[in-house]
There are 2 protein chains.
Amino acid sequence: MVKETEETRVQQTASMEDYLKAIALLGRKEARATVTNISKLLKVKKPSVTSALAKLSGMGLVVHKRYGSVDLTPDGFKAAQDVYHRHRILCYLLADILKVDPKIAKDDACRMEHALSPSSLERLDQFIRFTRNCPHGTPDCLEGFNYYLKHGSRSKDIMFRCRAAEQSNRESTNGVKARKESRR
Amino acid sequence: MVKETEETRVQQTASMEDYLKAIALLGRKEARATVTNISKLLKVKKPSVTSALAKLSGMGLVVHKRYGSVDLTPDGFKAAQDVYHRHRILCYLLADILKVDPKIAKDDACRMEHALSPSSLERLDQFIRFTRNCPHGTPDCLEGFNYYLKHGSRSKDIMFRCRAAEQSNRESTNGVKARKESRR
DNA sequence: CCAGAAAGTTAGTCAAATCTAACAATCATA
DNA sequence: TATGATTGTTAGATTTGACTAACTTTCTGG
């Protein structure tokens with residue numbers, strides 16, 4: 001018997017993930033998910049959309065009536081949510097924690113979201129939750145970092161609260177990974 | 001007159017960046033950068049390497065003597081350094097700060113490195129430097145985060161040092177970016 | 001030195017994802 | 001309700017980056 005939380009999640013290509021995300025986004029606004037709208041949003045030509053929809057239909061992720069409506073199946077919806085979650089998490093890290101310009105943060109997130117593994121996503125999510133659920137507001141670390149960003153050095157005031165603790169600092173990972181396996 | 005720091009850096013594709021990184025890596029070891037070695041490292045077949053080298057030659061990033069040596073030009077070296085820097089920064093974030101399994105961290109970094117803009121890289125770099133140059137060791141925030149990761153909740157002890165401070169928390173960025181412009 | 005092994009290349013194929021041009025369906029309104 | 005505009009599709013070309021099969025060059029040990 002198979003676990004019910006079965007993650008049979010077939011890996012989408014970056015392109016297909018973008019289409020799913022766009023469809024989900026348009027679907028929940030006044031703007032309907034149509035070939036033309038998707039085309040405009042992703043800045044691709046309409047035939048590219050038609051062809052992508054055919055592929056996504058084949059994978060059972062959308063239902064596309066010829067000359068008609070475009071809808072996500074439950075699987076498609078889940079997949080889209082998944083991409084969008086990765087997107088939001090990356091965006092938050094970049095824009096809100098690291099103070100990258102929001103537009104650039106969004107663009108980067110749009111590209112990186114296709115490359116984030118579940119494990120990394122999970123940890124990033126935890127980290128963000130950690131920085132947000134401090135009962136007194138901005139945790140020291142972020143406050144300190146914001147100061148550091150602005151002035152180029154640490155605030156003496158914030159700094160002295162820093163504890164002594166050793167950090168094992170391994171220099172590992174030679175930095176190259178097979179192209180083949182790094183595809184999604 | 002043009003600025004001398006002219007960043008005429010032509011955007012490489014992810015694939016080309018991988019080749020550059022591999023060549024740089026092999027170049028500075030006992031293992032020479034040869035077609036066969038690059039092929040093994042990136043897990044692609046040799047004809048793919050030959051063809052990539054032809055392209056990189058055309059771009060003036062490597063010098064490849066037929067049946068012979070493979071060397072980075074100064075530009076190629078710079079480009080390779082650049083990719084590798086992005087790689088190390090992402091790896092550090094994932095593995096050392098977020099405590100993602102090193103192998104997974106490396107794989108993720110290998111994919112995300114192609115999508116990180118200079119601005120985000122810069123901020124990430126600053127953040128990491130910030131977490132490392134604390135004169136007393138691990139800054140509170142990381143110490144606190146490590147505790148949080150292990151126990152699922154904050155350490156009361158660490159927490160009370162957290163300052164009150166308001167955080168303006170905008171929910172922005174609708175999360176879709178044109179595919180076209182998100183290519184490199 | 002020369003024969004087989006190893007390394008590298010060439011030529012041609014394939015798949016993914018885009019594009020353009022031309023056609024077909026639907027809509028909107030006069 | 002006809003007709004022009006909008007929307008969507010089909011067919012076919014292009015690009016990128018991989019692959020296989022077959023060939024050529026270089027190296028190496030007897």
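Heavy atoms only: backbone and side chains are in, while hydrogens, waters and symmetry mates are out.
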Any side-chain N or O of [X] under 4.0 Å from OP1/OP2 of [N]?
X	N	result
A/Lys55	C/dA16	no
B/Thr13	D/dT16	no
B/Ser15	D/dT16	no

Atom-pair distance ([atom1] on [X]; [atom2] on [N]), nearest Å:
X	N	atom1	atom2	value
A/Leu41	D/dT7	CG	P	15 Å
B/Leu26	C/dA7	CG	C1'	15 Å
A/Glu17	C/dA17	CD	C1'	15 Å
A/Leu42	C/dC19	CG	C1'	15 Å

Task: Intermediate values then yes/no, salt bridge (Lys or Arg N to Asp or Glu O under 4.0 Å), B/Lys78 and B/Asp82 - done: CA-CA 6 Å; B/Lys78 214 162 55 170; B/Asp82 198 73; over 6 Å; no
Task: Where protein sits on nucleotides 8-13 of chain C, one letter per nucleotide: B base, S sugar-phosphate only, - none, heavy atoms under 4.0 Å - done: BBB---
TODO: Using a 4.5 Å cut-off on heavy atoms from C-beta on, say whether the side chain of A/Leu61 contacts that of A/Leu72.
DONE: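 Counting from C-beta outward, A/Leu72 and A/Leu61 never come under 4.5 Å.
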Distance (rounded to the nearest 0.5 Å) between [X] [atom1] and [Y] [atom2]:
X	Y	atom1	atom2	value
B/Asp96	B/Ile128	CG	CD1	8.5 Å
A/Leu121	A/Glu113	CG	CD	11.0 Å
A/His114	A/His87	NE2	NE2	9.5 Å

Open item on the list: Could you work out how much the helix from C/dC1-D/dG30 to C/dA30-D/dT1 bends, comparing the axis of its first five pairs with that of its last five, to 10°?
Closed with: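 The end-segment axes of the helix from C/dC1-D/dG30 to C/dA30-D/dT1 are tilted 0° relative to each other.
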Open item on the list: Among residues at least two apart in sequence or on other chains, which ones pass side-chain contact (heavy atoms from CB on, under 4.5 Å) with A/Thr34?
Closed with: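 In terms of side-chain contact (heavy atoms from CB on, under 4.5 Å), with neighbours along the sequence ignored, A/Thr34 is linked to A/Arg32, A/Thr36, A/Asn37.
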Open item on the list: Quick check against the 3.5 Å criterion: does A/Ser120 have a side-chain atom that pairs as donor or acceptor with the backbone of A/Ser117?
Closed with: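 Looks like no, no N/O pair under 3.5 Å.
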- [ ] Please determine if B/Asp107 and B/Lys103 form a salt bridge, counting it only when a charged side-chain N lies under 4.0 Å from a carboxylate O.
- [x]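 No, B/Asp107 and B/Lys103 are not salt-bridged.
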